[in-house]
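Data first, discussion second: the structure below is written as structure tokens.
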Amino acid sequence: MNYKIIAVDFDGTLCYSNWPALGEPNRPLIDYLIKEQAAGNKLILWTCRAGQALNDALQWCNEQGLTFDAINDNLPEIVELYGNNSRKITCDIYIDDRNVSLEAFAI
């Protein structure tokens, strides 16, 4: 594959919100993701939202000009490559507000 797969969280990452409410967009991140997708990279929305809360988030993303190649799932080509659909999303970059660096654990 000659593209990156980027998985991105919604609450606190794409959208500054207090679940299940919707809030202000993280415009720099959204602009970055739109640019990456235009360059041929793939985007996965990786969120705990489900049901109506997920539908609301998807509509909100669409209003921001952001669409996804997969939602809470692996890309079809990844499933085909590995012969199964693992619960862990396969990607090159995870973007999440809960991320910590290894340096945070250095003693």
Side-chain angles (χ1 to χ4, degrees):
M1 288 178 265
N2 58 351
Y3 52 84
K4 292 183 291 189
I5 303 171
I6 303 168
V8 62
D9 180 39
F10 184 77
D11 293 289
T13 305
L14 284 173
C15 180
Y16 299 122
S17 58
N18 187 9
W19 188 93
L22 300 173
E24 293 299 312
N26 180 344
R27 198 73 242 171
L29 176 56
I30 292 168
D31 292 344
Y32 164 79
L33 293 171
I34 291 170
K35 182 182 104 196
E36 288 295 316
Q37 195 172 42
N41 297 310
K42 306 284 181 135
L43 303 180
I44 298 173
L45 179 62
W46 183 44
T47 179
C48 291
R49 285 181 175 246
Q52 189 58 48
L54 177 58
N55 290 338
D56 292 345
L58 290 171
Q59 180 178 340
W60 183 94
C61 287
N62 193 300
E63 290 168 2
Q64 307 307 315
L66 193 57
T67 59
F68 298 94
D69 300 288
I71 294 135
N72 289 334
D73 203 358
N74 282 298
L75 298 171
E77 57 265 40
I78 295 298
V79 174
E80 183 178 337
L81 176 68
Y82 292 111
N84 66 49
N85 191 2
S86 72
R87 290 176 28 172
K88 183 176 181 181
I89 299 296
T90 299
C91 69
D92 300 294
I93 300 170
Y94 293 98
I95 302 174
D96 193 308
D97 62 311
R98 304 256 177 175
N99 183 50
V100 295
S101 67
L102 289 176
E103 291 80 20
F105 295 103
I107 297 175

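Numbers here simply count residues along the sequence, with the first being 1.
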Does [X] use its side chain to pair, donor to acceptor, with the backbone of [Y] at less than 3.5 Å?
X: Asn41; Y: Lys4; value: yes
X: Tyr94; Y: Ile89; value: yes
X: Trp60; Y: Pro25; value: no

Hey, what do you get for [atom1] ([X]) to [atom2] ([Y]), rounding to the nearest 0.5 Å?
X: Cys61; Y: Ile30; atom1: SG; atom2: CD1; result: 6.5 Å
X: Arg98; Y: Asp96; atom1: CZ; atom2: CG; result: 7.5 Å
X: Ser86; Y: Ile78; atom1: OG; atom2: CD1; result: 9.5 Å

Is the [atom1] atom of [X] crowded by more than 12 outside heavy atoms at less than 6.0 Å?
X: Tyr82; atom1: OH; value: no
X: Arg27; atom1: CZ; value: yes
X: Asn84; atom1: CG; value: yes
X: Glu80; atom1: CD; value: no

Can you see which heavy atom on [X] is nearest to which on [Y], and at what distance?
X: Gly40; Y: Tyr3; result: O-CB, 3.3 Å
X: Lys88; Y: Asn74; result: O-ND2, 3.5 Å
X: Gln64; Y: Ile34; result: O-CD1, 3.9 Å
X: Asp69; Y: Lys42; result: OD2-CA, 3.2 Å
X: Gly23; Y: Ser17; result: N-CB, 3.6 Å

Does any part of the side chain of [Y], heavy atoms only, come nearer than 4.5 Å to the side chain of [X], both counted from C-beta?
X: Leu81; Y: Thr90; answer: no
X: Arg49; Y: Leu58; answer: no
X: Leu33; Y: Phe68; answer: no

Are Trp46 and Leu14 connected in a single hydrophobic cluster, I mean Ile/Leu/Val/Met/Phe/Trp/Tyr linked by side-chain heavy atoms less than 4.5 Å apart?
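No, because Leu14 and Trp46 fall into different hydrophobic clusters, even though each may have its own neighbours under 4.5 Å.
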Common cluster, Ile95/Ile71, ILVMFWY with side-chain heavy-atom separation under 4.5 Å:
yes
Taking side-chain hydrogen bond (donor to acceptor under 3.5 Å, both in side chains) as the criterion, tell me which of Thr47, Asn26, Asp97 meets it with Thr13.
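So, applying the side-chain hydrogen bond (donor to acceptor under 3.5 Å, both in side chains) to Thr13 and each of Thr47, Asn26, Asp97, only Asp97 qualifies.
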Answer yes when Asp31 and Lys35 have at least one side-chain N-carboxylate O distance shorter than 4.0 Å, and no when they do not.
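A salt bridge is absent here (no side-chain N lies under 4.0 Å from a carboxylate O).
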Is the closest side-chain donor-acceptor distance between Gln52 and Asp56 under 3.5 Å?
yes
Criterion side-chain contact (heavy atoms from CB on, under 4.5 Å) against Leu43, the qualifying member of Val8, Thr67, Ile5, Leu66:
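Answer to the side-chain contact (heavy atoms from CB on, under 4.5 Å) test with Leu43 among Val8, Thr67, Ile5, Leu66: Leu66.
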Take Leu54 and Leu45, measure what side-chain contact (heavy atoms from CB on, under 4.5 Å) needs, and give me the verdict at the end.
CA-CA 10 Å; Leu54 177 58; Leu45 179 62; 4.2 Å; yes
